[in-house]
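Take a look at the structure set out below.
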Amino acid sequence: MASVYDPGQVEGKWYDYWKQGNFFVPSGDLSQPHFSIVMPPPNVTGQLHLGHALDNTIQDILTRWRRMQGYNTLWLPGTDHAGIATQARVEESLAAEGISKYDLGREGFLERVWEWKRLYGDRITQQLSLLGSSCDWSRERFTMDEGCSRAVREVFVRLYEKGLIYRGDYIINWCPRCLTAISDIEVEHADSDGHLWHIKYPLQDSDQFVIVATTRPETMLGDTGVAVHPEDERYRPLVGQQVVLPLVGRIIPIFADPYVDREFGTGAVKVTPAHDPNDFEMGLRHDLELVNVMSPDAHMNENAGPYAGLDRYEARRQVVKDLEAGGYLLQVEDHQHALGHCQRCDTIVEPMVSLQWFVKMKPLAQPAIEKVVNGEIQFIPERFTRVYTNWMENIRDWCISRQLWWGHRIPVWYCQECGEIICSRQDPVACPSCASSQLVQDEDVLDTWFSSALWPFSTLGWPDDSDDMRHFYPTSVLVTGRDIIFFWVARMIFSGIEHTGQVPFRQVNIHGLILDALGRKMSKSLGNGVDPLEVIEKYGADTLRFSMITGVTPGNDIRFQWDKVENTRNFANKIWNAARFVLMNLEDYSPVEVGRDELSLADRWIYGRLQLKIAEITSLLADYELGEAARRIYDFIWDEFCDWYIELAKPRLFSPSQPRDRVVVQTVLHAVLMEIVKLLHPFMPFITEEIYQNLPGHGPTIMLEAWPQADPDRIDTDAIEQMQLLMAAIRAIRNIRADFNLSHGTAIKVIVAAPESGVADLFRANGGYVQDLARVGELAIVDRLEEAPRQAVSALLPFAEFYVPLEGIIDIHKEVGRLEKELRNIDQEIAKTEAKLNNPGFLAKAPPEVVEKERARAEEAGQRREGLLQRVQILTAE
RNA sequence: GGGUCGUUAACUCAGAGGUAGAGUGCUUCCUUGACGCGGAAGAAGCCACAAGUUCGAAUCUUGUACGACCCA
């Protein structure tokens, strides 16, 4: 084994081995509980980014852990067709060849997209493999495969038949570049600097006027009303009157509506129902006419009269100019307002009225809220529950039609003869009403999220009553970022409840975003993204996984730091070398029975500590506290196992006079390393498999090993406490060595004065530990010193005093300084404990054990102070 | 405007009602037979501010400031 761990030599090999061994496939053991996760499907043409890496690492940790615990475990992978995103990319590539999708026609274009999908479809899944994802590739799905498409069809028809899907003219968000409707949540709002124009609208047959304020003057061409607040005294007399729309000449009413904000602008607003969502609502309430003045590419249309053909911003300039010329423009203020942008292409979205398909949300939202409120679905961390319920409670109908070609075509046909509308599971051949075969399918496709919403059950075989549905549904947990709670999580919840009668998952584990080192979102435009493949290439997947997980609070964002990656790489190397050491010393090892009475103090200590760690780590995992769990393993391996246990084991390993010692230590090293490697496996699957496969007594794969279970019988609290004393002693002596620059070669003598017989016995029995680890030549143990040596440095610990005679080396002055500093610390501690013990409230109300602890501490501090004072006296006495 | 999160050592972050933690960095020292991607020791924090609850608050409550994000 090489002394530096090389992940490149290891990772690919084991992944192939696991796949070939079918170790990712569920055990199928129905006597065990199931554990299932459906993977949030990445965009089929996408590339792995750090967000995916984090998301899938979490899922893989949970999956590997539960699998080891014996659950019938399924992690189902797949990809999403990502309608608008994929179509845009294919269009771009066509544009590079100088052709548009219209040149190819719908069929031809779709062929190109499928080609594209075949070309790039494997890339992201291959990248997921590089991460070590233990998902069942035999069940891999795609949102547009046959089964998912059938589920989409079924759901659409059911909702349609229930009256929950309708088609209508409503205001939607229109992207003038993508030339499609997009849903509310696909619009991103950003503040931008604009103006507020104050415009005079003259009253009909009067020389009076109202002043309206607007940020989008060009939309006035479509105004069909002016609104004021019903309780606004200023305008009360005007309500019911008519104004003459400037430039256009249309006569439109002034009406009162509580939506109007009296503080905004002049308190009177122009109402354009065809180009503003709020105006649209008011239009419905007051039966206003809809005047659409824009074409799909955001140019003015024929309803804009002389402005027809102008781009929306040119039209704005022209309208303003004309208003000014006509004396209608009274004032222009600077004004900041939020503008909606297309999530996909960042174009400013235009609210427009158009004929689209919608899902009626209120009836679906209600049960979806209940299941979360009553705890059938649990968000982790819990605070995301409110994010979800707030959104669900204020939900609006979901616009599901998209004017795209790539996606699930809406299963609705229009009879050209009689106008019948047919919504059907099977493609109809004749009109059921007039038997005509002149049927034309709706041109639109469904929002990508319509199919994603069905993912937890469409992938398991729904609508059939499949084995997988029965065995793995509802799924156990959904792991995803908080950025798609609305897009996806919410929609899966109401869809699952509506169509399967059950929640789609029991728990939702929300994690944060990965940010760059400066705390900014990683984005293409900033160019601050880090490619996970680069990290894997340089440091290995185990390192990437562990560095993203460890020391992270669930739900919080994570800054990506190369420093941390390096530190984790060092950790991997540390484990590697610890294993190398163990394996090197196991070459002559054959398993033997080792009696409990043969175990040394250090053996009993490490066994006990291991049990405690197993219990902690298991319970942290159950609570989704992966960061803390990882940190505990890290500490245990590096600190307790490597820095202490292995060091303590060395002398016994190499002592020719005690051959049995070597066997015992070998046994313990082997057993503890085996458990460590299992505990670490979900986090770092590759290196742990590699080590495991080198350990004597290994099975076919570590993946099939049982997760360690804490054995309370092995927790020897005495051994743990005793080791603590020895370790404290070793540290104190090392400290002295460092302070006095005593080189390694310098053998020192240490006198231990231990008044308690138990402590003295401990040092008599295990003085070897101190001698070896603190490099002590002679260790003398006494109850008490008649006369403490003057030419000696001391460490006065609560349980014993340690003297290192340094005739000729010690600088008395320096030593006194050292002791005085310690005295100051002790004095502070005493002041603190005294303050508590002198507080009657504390004595009366604090739990007795806390008071007792405080008393003990005070007493101990008092004794140490006494000792320190004496020591100073001895040293300063001339 | 509403909401969520954050503010802890120089930096990046854990923690959490009862003596402030890690990693990196910094200062010494160490070619000890796993690892210098290592080991030992050390310096370094009024846990943002204010009020409250409590015997006791960095931790709970409320408010303030600053920062990030989400929704309108």
Side-chain angles (χ1 to χ4, degrees), chain A residues 1-5 184-185 188-189 261 263 277-278 338 340 381 383-387 390-391 394 482-483 485-486 512-513 515 517-521 539 543 547 550-553 555-564 566-585 625 627-628 630-632 634-635 638-639 642-643 646-647 649-651 653-654 669 730-745 772-775 825 828-829 832-833 835-847 849-851 853-854 857-858 860-861:
Chain A
M1 285 171 91
S3 73
V4 172
Y5 175 63
D184 293 338
I185 50 179
E188 285 174 355
H189 296 271
D261 177 2
E263 310 296 319
N278 295 310
R383 67 182 132 96
F384 291 108
T385 308
R386 280 190 59 200
V387 177
N390 284 346
W391 187 72
N394 299 303
R482 60 148 192 275
D483 47 333
I485 293 178
F486 305 143
L513 267 42
L515 309 174
L518 301 175
R520 301 169 305 180
K521 264 191 198 171
Y539 295 95
T543 292
S547 72
T550 188
V552 167
T553 310
N556 284 12
D557 290 346
I558 301 157
R559 284 194 203 192
F560 181 87
Q561 308 262 97
W562 283 104
D563 269 8
K564 196 171 174 186
E566 251 176 62
N567 175 248
T568 311
R569 185 269 318 265
N570 295 352
F571 174 57
N573 197 52
K574 185 77 181 175
I575 306 155
W576 180 251
N577 277 289
R580 216 159 61 87
F581 174 81
V582 174
L583 290 168
M584 275 162 48
N585 285 292
E625 296 274 1
E628 190 58 13
R631 209 177 55 82
R632 304 279 173 109
Y634 178 100
D635 289 345
W638 202 313
D639 187 40
C642 292
D643 289 348
I646 288 184
E647 293 309 319
K650 279 178 183 172
L653 230 27
F654 306 133
L669 281 170
I730 290 164
R731 282 196 198 97
I733 297 165
R734 283 172 169 172
N735 188 340
I736 290 169
R737 288 195 87 101
D739 271 1
F740 287 87
N741 285 332
L742 302 174
S743 75
H744 262 298
D772 291 326
L773 297 201
R775 309 232 131 211
N825 288 340
Q828 265 179 22
E829 197 182 320
K832 253 194 245 176
T833 47
K836 279 191 181 178
L837 291 168
N838 289 334
N839 177 351
F842 177 73
L843 297 176
K845 298 204 174 167
E849 62 272 19
V850 173
V851 176
K853 228 170 111 184
E854 208 60 36
R857 186 180 300 155
E860 193 183 286

Would you call A:E628-A:R631 a salt bridge at under 4.0 Å N-O?
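Yes, this pair counts.
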
Between the side chains of A:R857 and A:E854, is the shortest nitrogen-to-carboxylate-oxygen separation below 4.0 Å, so that they form an ion pair?
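The answer is yes: the pair qualifies as a salt bridge.
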
Using a 3.5 Å distance criterion without hydrogens, assess whether the side chain of [X] forms a donor-acceptor pair with backbone atoms of [Y].
X	Y	answer
A:R569	A:T543	no
A:N573	A:Y5	yes
A:K564	A:R559	no

Of the nucleotides [options], which one has an atom closest to the side chain of [X]?
X	options	value
A:Y634	B:G39, B:A14, B:G23	B:G23
A:R734	B:A41, B:G39, B:C69	B:A41
A:M584	B:G3, B:A34, B:G39	B:A34
A:K574	B:C35, B:U28, B:C55	B:C35
A:N567	B:C35, B:G15, B:U24	B:U24
A:R775	B:U24, B:C35, B:U32	B:U32
A:F842	B:A34, B:C69, B:G18	B:G18
A:R559	B:C69, B:C5, B:C13	B:C13
A:A846	B:C55, B:U4, B:C35	B:C55
A:E647	B:C55, B:A34, B:C13	B:A34

Cation over ring face, A:K650 and A:F581, 6.0 Å, 45°
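Yes - A:K650 lies over the ring of A:F581, closer than 6.0 Å to its centre and within 45° of its axis.
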
Please confirm whether the shortest side-chain N or O distance from [X] to OP1 or OP2 of [N] is below 4.0 Å.
X	N	value
A:K521	B:C70	yes
A:T553	B:G15	yes
A:R857	B:U19	yes
A:N556	B:A14	yes
A:R737	B:C29	no
A:W391	B:G3	no
A:N735	B:G42	yes
A:K832	B:G18	no
A:R520	B:A68	no

Need one value for [X]: base, sugar-phosphate or nothing, where a base atom within 4.0 Å counts as base even if backbone is also close, heavy atoms only.
X	value
A:L742	nothing
A:D643	sugar-phosphate
A:K853	nothing
A:F654	base
A:P840	nothing
A:V4	base

Does A:I646 or A:L843 map to a spot on RNA chain B nearer the 5' end, using the closest nucleotide for each?
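In this pair, the answer is A:I646.
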
Residue mapping more 5' on RNA chain B - nearest nucleotide basis, A:R631 or A:H189
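Nearest nucleotide further toward 5': that of A:R631.
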
Which one is paired to B:G63, where only Watson-Crick or G-U wobble pairs with both distances under 3.5 angstrom count?
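Its partner is B:C49 (Watson-Crick or G-U wobble, both distances under 3.5 Å).
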
Using whole Å, what does the distance between atom [atom2] of nucleotide [N] and atom [atom1] of [X] come to?
X	N	atom1	atom2	value
A:N570	B:G36	CG	P	11 Å
A:N839	B:G18	CG	C1'	13 Å
A:I485	B:C69	CD1	C1'	12 Å
A:W562	B:C37	CH2	P	18 Å
A:L515	B:C69	CG	C1'	10 Å
A:L518	B:C11	CG	P	14 Å
A:E854	B:G17	CD	C1'	14 Å
A:R569	B:G38	CZ	C1'	12 Å

Mind checking the C1' distance from B:A50 to B:G38? Whole angstroms is fine.
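My reading of the C1' atoms in B:A50 and B:G38 gives 48 Å.
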
